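Before any comments, here is the structure.
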Amino acid sequence: VYLYMVMDLYSRKIVAWQIYDTQSSELAADLMTEACLLEKVGKDQVYLHSDNGTPMKGASLLARLQELGVIPSFSRPSVSNDNPYSEALFKTLKYRPEYPDRAFENIGQARRWVENFVIWYNREHLHSGICFVSPINRHEGKDVEILQKRHQVYLKAQQNNPLRWTGETRDWNPPGKVWLNKSHKHQLPPDQLKKAA
């Protein structure tokens with residue numbers, strides 16, 4: 001079976017996923033349509049960064065991305081780990097204690113397992129890359145308040161026991177912009193990006 005998954009790099013939230021018994025550009029296009037509808041994505045608002053696999057470079061997906069106004073971006077040739085965010089996500093998935101030792105018995109079992117994983121990952125997993133808040137909290141903008149409260153708790157702990165601290169408390173400022181292979185080309189507005197490509 002093949003897992004199709006779309007993650008928002010800023011929040012690390014899994015915004016859409018599906019499991020199929022085959023790989024195709026048409027199935028990837030359907031998933032992107034679902035992701036854009038669920039997240040109310042406007043034209044030229046987001047990039048889709050993917051590997052160079054056949055489904056991701058297929059005509060059906062590329063045509064759908066153009067219809068949706070999603071700007072395609074691809075991993076560099078022969079660089080298998082070009083997207084550290086998705087690599088980390090898939091490592092988290094594969095190293096969950098309940099990850100099966102054997103292949104799934106059927107596609108339904110695989111879908112149930114991934115559905116439970118996505119619920120846990122989005123709602124409960126305190127992600128180290130976003131200051132130990134859940135992806136859903138970051139996605140919904142709740143991380144700022146959570147981190148401000150956490151900072152106050154740390155300050156109070158430092159005041160109550162100053163000998164335990166050797167300097168400042170931990171930095172609980174939410175991370176800012178997220179870059180994937182930052183370059184001047186990716187800093188251009190979408191209308192100029194198309195001209196530069």
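Owing to the predicted nature of the structure, the values given are computational and were not obtained by experimental measurement. Just so you know, these numbers use all the heavy atoms, side chains as well, and skip hydrogens, waters and symmetry mates.
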Heavy-atom distance under 4.5 Å between the side chains of [X] and [Y], does that happen here?
X      : Y      : result
Pro135 : Asn122 : yes
Tyr121 : Leu89  : yes
Met32  : Val70  : yes
Leu163 : Asn161 : yes
Cys131 : Pro174 : no

Salt bridge (charged side-chain N to carboxylate O under 4.0 Å, His left out) against Arg12, all qualifying residues, sequence neighbours excluded: none

Contacts of type salt bridge (charged side-chain N to carboxylate O under 4.0 Å, His left out), residue Glu124, not counting sequence neighbours: none

Can you tell me how far [atom2] of [Y] sits from [atom1] of [X], rounded to the nearest 0.5 angstrom?
X      : Y      : atom1 : atom2 : answer
Ile14  : Leu93  : CD1   : CG    : 7.5 Å
Arg170 : Gln158 : CZ    : CD    : 14.5 Å
Leu9   : His49  : CG    : NE2   : 8.5 Å
Phe117 : Thr92  : CZ    : OG1   : 6.0 Å
Tyr4   : Leu31  : OH    : CG    : 9.0 Å
Leu147 : His151 : CG    : NE2   : 10.5 Å

Expected output: side-chain Lys91 to main-chain Ser86 donor-acceptor under 3.5 Å: no

Flag, side chain of Gln45 to backbone of Val41, donor-acceptor distance under 3.5 Å: no

Are [Y] and [X] co-members of a hydrophobic cluster defined by side-chain heavy atoms under 4.5 Å apart?
X      : Y      : value
Val118 : Val1   : yes
Trp17  : Leu38  : no
Ile146 : Val153 : no
Leu61  : Val15  : yes

Which other residues belong to the hydrophobic cluster containing [X], where Ile, Leu, Val, Met, Phe, Trp and Tyr are joined when side-chain heavy atoms lie under 4.5 Å apart, directly or via other members?
X      : value
Leu37  : none
Ile119 : none
Ile136 : none

Minimum-distance pair of heavy atoms, taken over all atoms of Ser60 and Ala29: O-CB, 3.9 Å

Over all atoms of both residues, closest heavy-atom pair of Pro175 and Gly129: CG-O, 3.7 Å

Taking only residues two or more places apart in sequence, or in another chain, which ones meet [X] in a side chain to side chain donor-acceptor pair (under 3.5 Å)?
X      : answer
Glu98  : Arg96
Asn173 : Asp171
Asn137 : Ser134

Pairs satisfying ring pair (Phe, Tyr, Trp, His ring centres under 6.0 Å), at least one member in residues 128-149, at least two apart: none

Mutual orientation of the aromatic rings belonging to His125 and Trp120 [parallel < 30°, tilted 30-60°, perpendicular > 60°]: tilted

Aromatic ring pairing Trp113/Phe104, orientation class (parallel under 30°, perpendicular over 60°, tilted between): tilted

Tell me the salt bridge (charged side-chain N to carboxylate O under 4.0 Å, His left out) pairs involving [range], sequence neighbours left out?
range            : answer
residues 129-156 : Arg138-Asp143, Glu140-Lys142, Glu145-Lys149
residues 23-38   : Asp30-Arg64
residues 108-123 : none

Passing candidate, side chain to side chain contact (heavy atoms under 4.5 Å, CB included) with Tyr10, options Val178, Ile130, Val46: Val178

Crowding at OH, Tyr2 (>12 non-hydrogen neighbours, <6.0 Å): no

Within 6.0 angstrom of Gln23 CD, more than 12 heavy atoms from elsewhere: yes

Pair Gln66-Leu62, side chain to side chain contact (heavy atoms under 4.5 Å, CB included): steps then yes or no: CA-CA 6 Å; Gln66 188 172 16; Leu62 294 177; over 6 Å; no

